[in-house]
**Q** 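After the structure tokens below, expect a handful of questions from me.
Atoms within a ligand are numbered from 1 in the order they appear, just like the ligands themselves. Every heavy atom of this structure was used, including side-chain atoms; hydrogens, water molecules and symmetry mates were not.
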Amino acid sequence: MHLTKQEERTLSGEEGFGRQKAMELVVALGEIYRAKRLIPITSAQISGASFKTIGDAGIKFLEDFSHEAKVSVRASLNPLGLDERRWQSMGVDKKFFDKQARIISAYKSMGVELLYTCTPYLAGNRPRQGQHIAWAESSATVFANSYLGAMTNREGGPSALAAAVIGKTAEYGLHLEENRRPRVRIDIKVIPDGMVPLTGYLVGKLAGKRVPFVNGPSMSEDEHKSFGAAMAAAGAVSMYAFSDSKRRKSTNTSQIEERLSIDARDIQDCADGLKGDDAWDLVAIGCPHCSPSELRTMARALKNRTPRKKSDVWFCTSRMVFARCPKEVAVLRKFGNVLCDTCMVVAPIESSYRRTASDSGKAMVYLPTLGKQKASFRSTKQLLEAISR
Ligand code: F3S
């Protein structure tokens, strides 16, 4: 891989140990994927923020690295294992809180923006079409590539952090136009009400590692958010093209090698398979984190209803969206906990709950594994009906 003189200096350690280590990691990835050069990035998004997912080894790495390194481009952080202000109401213990605090402090000292969300694009870090970025969170990566038209690989936490420190990433994968061309076309005639996440889940299963071209009904930004998140979790998809995109004319479909379809029956079968049972002890909404319009829609639906209180309820969002929606938050709080900074997957829910219902296709992948939960899929509407009367 060609490195400029400046990059060689960084690699040789002339600019300090932290930048050297970051450069080594980015260059090593570039060599593995046969990148020809490094390219500048406009932002990074770093995963590996919850103590639950990175553990003591992660804390040690971050604390050591934070003594040496600072980010040089805008870099925002994924959700934590707790809500920094409401952690006690989540059943999180002090030991976990203290470990989480050390992680926050390490990221803070490196200059990482403490957004604590998987939807940074709703909290000020919204890349523009054509910009190269290094994002790690899978749901944010697929959204940035597909809906926003930015260009990123699905980074790991350490590689996104390393890219943030040197302000560059290696040019391979989805940073190259030729790898962004769809290889499989998936036709979808109709998506039943509330089933967008499961349709994304099915697309992910069918596409595997390929970029799919989704020829289907028009979707809102919020729907793309949950559609892509489920797709990235169910498959290894980090980008999809879609038929109602404003970029439609520029989608190059010449390399499509297979044509598949998803019909209403497939979606219903998927819903039946993920239905679980009704005996849940937590209802968790907001994977990915709720947008202002999602909070608004739910608050409107619940406004004239009363809580049923059969289970705990979490509405997960970012603190920026929370702050922008005080009226909606006030309504939702009558029905459950409105949490910021965290979610049902990266929080240690297994210490308090065993069965969780969610409207998220991504959560259906991770609740049973990372969360050790019996998971039940329901549409948002069904969940709101279940928690109210
Ligand atoms: Fe976000 Fe947590 Fe889901 S990080 S995408 S709410 S698993």
**Q** Does F17 have any ring pair (Phe, Tyr, Trp, His ring centres under 6.0 Å) partners at least two apart in sequence or in another chain, and if so, which?
**A**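 Partners of F17 under the ring pair (Phe, Tyr, Trp, His ring centres under 6.0 Å) test: none.
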
**Q** Side chains of S254 and N252: do they bring a donor and an acceptor to under 3.5 Å?
**A**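 Looking only at side-chain atoms, N252 and S254 do form a donor-acceptor pair, the distance falling under 3.5 Å.
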
**Q** Give a yes-or-no answer on whether the side chains of Y116 and H289 include a donor-acceptor pair shorter than 3.5 Å.
**A**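 Side-chain D/A pair, Y116 to H289: absent.
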
**Q** Flag the pair S318 / L122 as yes when at least one side-chain heavy-atom distance between them is below 4.5 Å, and no otherwise.
**A** no

**Q** Name all residues meeting the side chain to side chain contact (heavy atoms under 4.5 Å, CB included) criterion together with L174; count only those two or more places apart in sequence or in a different chain, and write none if there are none.
**A**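 Expected list: N145, N153, R180, V211, S238, M239.
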
**Q** Mind checking what makes side chain to side chain contact (heavy atoms under 4.5 Å, CB included) contact with R183, not counting sequence neighbours?
**A**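 In terms of side chain to side chain contact (heavy atoms under 4.5 Å, CB included), with neighbours along the sequence ignored, R183 is linked to R210, Q255, E257.
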
**Q** Can you sort out which atoms of ligand 1 are near E137, meaning under 4.0 Å from one of its heavy atoms?
**A** 5 (S)

**Q** Using a cut-off of 2.8 Å, find all protein N, O or S atoms closer to atom 3 (Fe) of ligand 1 than that distance.
**A** C287 SG

